[in-house]
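Working notes, structure below.
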2 protein chains.
Amino acid sequence: METINPNHTVESLNDLLTAHDIKPTSQRLEIARLLFAHHNHFAAEEIFSMINHGSHSQINSASQNSVSKATVYNTLGLFARKGLVREVIADPNKVFYDPNTRPHYHMYDPSSGELTDISADTVQISGLPAAPSGREVEGVDIVVRLRRLE
Amino acid sequence: METINPNHTVESLNDLLTAHDIKPTSQRLEIARLLFAHHNHFAAEEIFSMINHGSHSQINSASQNSVSKATVYNTLGLFARKGLVREVIADPNKVFYDPNTRPHYHMYDPSSGELTDISADTVQISGLPAAPSGREVEGVDIVVRLRRLE
DNA sequence: TTTCCATTTAGAATCATTATAAACGTTTGC
DNA sequence: GCAAACGTTTATAATGATTCTAAATGGAAA
């Protein structure tokens, strides 16, 4: 179930982007707001349609917020490169963007498309090999794949 | 269960497909031979080009081995559904097919496209949550993402 | 044989994503 | 304040993996 976090003001989002070396434009703030207000993972196309057909515009805003598809993709790529969000590769058809960049894992149900978090606190992994020379480990992704019971 | 053996004969491949409830056609045998002869993961497009532009045709063979792109995709999907191979979701741009269906994990280097196995023998994981009701865990994928050292 | 059913095929369609090149908006230098 | 310079956004085209479609093929069975 999805909850909305109202504790992200335009100010704090501004600071968040700035702290990650991202110039805060209105489009970037709009996308960041969507990502950080919901406790959910979104694909680029979902974010695009939430902004354009969705009911997420500010109450008092006179301007109809609209961001082009190209900008949505560019911005999510930028956010990921700057470490503001994390890409989750769990479905071959689309990339999910996760506003939680702290270590944690995922559970994925392809039949519903639902991607949920697994806290890293309770999970123990050991025995993973070191990176080969010239490389370093960027991260460890764990995806628990689910299927409908027969 | 099947073991990976570089000396797969046409007969043993035949049996392998039959044991997995797959009718062995010449195209399916050709694709299975590629997958099981190499200790490697391949994407559909790689298999397609190995068959068509690759150096895998018999020198003295009068028959030019050629499998259409549609059949390569259909066959790999069939193999995966029947449990003969496993899909590996590590790169957003393509699905890898892994002839090793026993539990094991992967290391992925996006900069080279190299996907290598991590044996499950040395890896310990605990504390993963159970599947929600109505679902079961199909598998646990671990991908150690690599990056070039700066 | 002739029929039937699965398999294969070429090519079109799809869909997420990326590239292109123009338009736009801000900042900066004067 | 004004204009060049630069980064950002945009519509649109292009890409590339994958899936779909509908026809052709081929083997098994009657």
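The analysis underlying the following values was restricted to heavy atoms, covering all of them including side chains, and did not include hydrogens, waters or symmetry mates. Order of the sequence lines fixes the chain letters, A, B, ..., with proteins taken first and strands second; residue numbering starts at 1 for each chain. Keep in mind the model is a prediction, meaning the values are calculated, not measured.
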Check your understanding: Do you know which two heavy atoms are closest between A/Ile31 and A/Thr71, and how far apart they sit?
Key -> CD1-O, 4.3 Å
For atom [atom1] of [X] and atom [atom2] of [N], their distance in whole Å:
| X | N | atom1 | atom2 | answer |
| --- | --- | --- | --- | --- |
| B/Ile22 | C/dT8 | CD1 | P | 11 Å |
| A/Phe48 | D/dT9 | CZ | C1' | 13 Å |
| B/Phe79 | C/dT7 | CZ | P | 12 Å |
| A/Phe42 | C/dA16 | CZ | P | 16 Å |
| B/Lys23 | D/dA28 | NZ | C1' | 8 Å |
| A/Asp21 | D/dT8 | CG | C1' | 15 Å |
| A/Gln27 | C/dC24 | CD | P | 14 Å |
| B/Leu76 | D/dA17 | CG | P | 14 Å |

Tell me yes or no: between the side chains of [X] and [Y], is some donor less than 3.5 Å from an acceptor?
| X | Y | answer |
| --- | --- | --- |
| B/Thr122 | B/Ser119 | no |
| A/His106 | A/Asp141 | no |
| A/Asn100 | A/His41 | no |

Review point. In residues 82-91 of chain A, what residues come within less than 4.0 Å of DNA chain C, judged by heavy atoms?
Key: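 Those residues: none at all.
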Practice item. Please step through side chain to side chain contact (heavy atoms under 4.5 Å, CB included) for the pair A/Ile142 and A/Ile118, ending with a clear verdict. Key: CA-CA 9 Å; A/Ile142 301 185; A/Ile118 295 173; 5.9 Å; no
Point to revise | Hydrophobic cluster membership, A/Leu78 vs A/Ile51, 4.5 Å side-chain cutoff | key: yes
**Study point:** Single-linkage hydrophobic cluster B/Ile89~A/Val88, side-chain heavy atoms < 4.5 angstrom
**Key:**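 No: no chain of side-chain contacts under 4.5 Å links B/Ile89 to A/Val88.
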Review point. Quick one: side-chain hydrogen bond (donor to acceptor under 3.5 Å, both in side chains) partners of A/Asn14, sequence neighbours excluded?
Key: none
Revision key, fill the gap. Those residues at least two apart in sequence (or on a different chain) that pass side-chain hydrogen bond (donor to acceptor under 3.5 Å, both in side chains) with A/Arg81 are none
Exercise for review: Please assess B/Phe42 against B/Asn40 for the test side chain to side chain contact (heavy atoms under 4.5 Å, CB included), listing each intermediate value before the final yes or no.
Suggested key: CA-CA 6 Å; B/Phe42 293 118; B/Asn40 245 333; 3.6 Å; yes
Review point. When all nucleic acid strands are considered with a 4.0 Å heavy-atom cut-off, which category describes B/Thr71: base, sugar-phosphate, or nothing?
Key: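 Since a base atom lies under 4.0 Å of B/Thr71, the category is base.
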List every contact pair, protein side and nucleotides 23-25 of chain D side both N or O, where the distance is under 3.5 Å.
none

Review point. For D/dT9, does either OP1 or OP2 sit under 4.0 Å from a side-chain N or O belonging to A/Thr25?
Key: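 For D/dT9, OP1/OP2 do have a side-chain N/O of A/Thr25 under 4.0 Å.
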Could you run down the sub-3.5 Å N/O contacts of the protein with nucleotides 17-21 of chain C?
unit_1	atom_1	unit_2	atom_2	d
C/dT17	OP1	A/Val95	N	2.9
C/dT17	OP2	A/Tyr73	OH	2.9

**Study point:** Inter- and intrachain pairs under salt bridge (Lys or Arg N to Asp or Glu O under 4.0 Å), touching residues 67-79 of chain A, at least two apart
**Key:**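 Pairs touching residues 67-79 of chain A that pass the test: A/Glu45-A/Lys69.
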